[in-house]
Amino acid sequence: MLELNFDMAQTIAFAVVLLLIGRIIKKWVPVLEKFFIPAPVIGGTLFSIILLIGHETETFTINFNGDIRVLLMTAFFTTIGFSASLKILKSGGIGVLIFLIVATVLVIIQDIVGVSLAKVFGINPLIGLAAGSIPLTGGHGTSGAFGPYLEELGATGATVVALASATYGLVSGCLIGGPVARRLLNKHNLKPKLDEDSVNKLEEDTTPVGEKSIFQAIVYISISMGIGAFINPYLKEWGITLPAYIACMFIAAIFRNITDSMKKPLPFKEIEIVGNISLALFLSMALMSLKLWELADLAGPLVVILLIQTVIMAAYAYFVTFNVMGRDYDAAVIATGHCGFGLGASPNAIANMET
């Protein structure tokens, strides 16, 4: 078997190529545009199928550098941290609290379903957790953090199951988000509503993006990532196990609120640009390195659990998230984001909503 090992530069170049291919395919295949399938999902998933063929025929395999993907994921989450303004959260008020409750209820449902079905099929109930909220709402970071802990409790293979389930969720979360949103938009004839303040805000946002402002954004992001990475080892010593990017997000949020209190604006437009680029490349890399044969090797009961979880997520977003969050255009956008967040990861949610 031909085995290729891509270094960091080759990995990012390959991801960019697949991202461009995904955009071209989406442009020329109406059904993909119709159902809002993100370009990184198209290009990445297409290559993962090619990789599956190479594995099954034992002709070739490609190993990608994972460090750059972790870096991009951390960079993206750090940029999200800069949006955590207490001032804005207060203005969001009850809406933020309501969605927190909605998301928490889904987490409980996913765990109940996973554990219950595991018992029905005679599987260790902890494996049900590894196919529940840990990989689905939690994503790969949470799976990598809590999988070994489940194994310590006696759930053999929980890490592989959790990571495989998270991989499945990464794809399915994007695939169901578009159709759910499109159905809601068409059924209720929803259109975005811009009030006068929103329009004025959009019109006033004409600050040019230049080398100086982009560099300033990168400085804030890099320092937040560095401090967060420094904190993580100490958290583990204290028995606190969290995905590595959480500390980086927290530091970014601190920077945001300090600058808010000092009335010193951050380069938000530039931070968003860096975050969007990191998101697109992260998704492309995550999907192009999918080991689909791991899903094929899952036991029948586990496949059934994942499929049922997918149906529940789509139904929950359609009937609960949309209705509770206000039954308007914004609620539909939140519902499709919840599909990505509830099955895959926050980048999937952002990709679904932006699409």
Side-chain angles (χ1 to χ4, degrees), residues 41 44-45 48 64 66-67 69-74 76-77 80 103-104 106-115 117-118 123-175 232 235-236 239-249 279 282-283 285-299 301-303 305-310 312-313 338-351:
V41 174
T45 303
S48 69
F64 296 101
D67 294 336
R69 187 177 75 182
V70 174
L71 176 65
L72 289 168
M73 178 182 69
T74 304
F76 168 73
F77 278 115
I80 295 300
T104 302
L106 175 66
V107 167
I108 296 172
I109 292 174
Q110 287 177 331
D111 287 337
I112 291 175
V113 170
V115 171
L117 290 176
I123 302 174
N124 188 323
L126 294 179
I127 294 295
L129 288 179
S133 68
I134 290 175
L136 300 180
T137 294
H140 283 85
T142 308
S143 299
F146 287 96
Y149 178 68
L150 293 178
E151 291 187 353
E152 291 177 6
L153 297 177
T156 304
T159 301
V160 174
V161 169
L163 289 173
S165 298
T167 300
Y168 166 85
L170 202 64
V171 178
S172 60
C174 283
L175 291 179
N232 277 321
L235 293 178
K236 291 182 179 179
I240 301 175
T241 303
L242 294 171
Y245 55 78
I246 295 297
C248 302
M249 290 179 64
L279 166 62
F282 162 73
L283 279 178
M285 290 180 187
L287 288 157
M288 76 185 191
S289 58
L290 287 180
K291 297 180 179 179
L292 294 179
W293 54 89
E294 290 185 357
L295 298 181
D297 292 339
L298 289 176
L302 191 55
V303 173
I305 293 174
L306 292 175
L307 291 175
I308 291 177
Q309 294 279 28
T310 304
I312 289 175
M313 178 68 258
H338 202 185
C339 288
F341 172 70
L343 281 182
S346 295
N348 298 71
I350 300 298

Give the minimum heavy-atom separation between [X] and [Y], together with the two atoms involved.
X: V115; Y: P125; result: CG2-O, 3.7 Å
X: F77; Y: M249; result: O-CG, 3.0 Å
X: P135; Y: A162; result: CB-O, 3.2 Å
X: N124; Y: G154; result: ND2-O, 3.4 Å
X: A131; Y: L306; result: CB-CD2, 4.3 Å

pair [X]-[Y]: side-chain heavy atoms closer than 4.5 Å:
X: I305; Y: I127; answer: no
X: L279; Y: L283; answer: yes
X: Q309; Y: S165; answer: no
X: M285; Y: F64; answer: no
X: L106; Y: M313; answer: yes
X: L235; Y: N232; answer: yes

Quick check: does any side chain N or O of D111 sit under 3.5 Å from a backbone N or O of G132, one acting as donor and the other as acceptor?
->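 The answer is no, because no donor-acceptor pair under 3.5 Å joins these two groups.
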Any chance you could measure [X], atom [atom1], to [Y], atom [atom2], to the nearest 0.5 Å?
X: L129; Y: I112; atom1: CG; atom2: CD1; value: 11.0 Å
X: S133; Y: I109; atom1: OG; atom2: CD1; value: 11.5 Å
X: I312; Y: L307; atom1: CD1; atom2: CG; value: 11.0 Å
X: L150; Y: I134; atom1: CG; atom2: CD1; value: 4.5 Å
X: L302; Y: I123; atom1: CG; atom2: CD1; value: 6.0 Å

Run the side-chain contact (heavy atoms from CB on, under 4.5 Å) check on V303 and Y168 step by step: do they pass?
-> CA-CA 10 Å; V303 173; Y168 166 85; over 6 Å; no
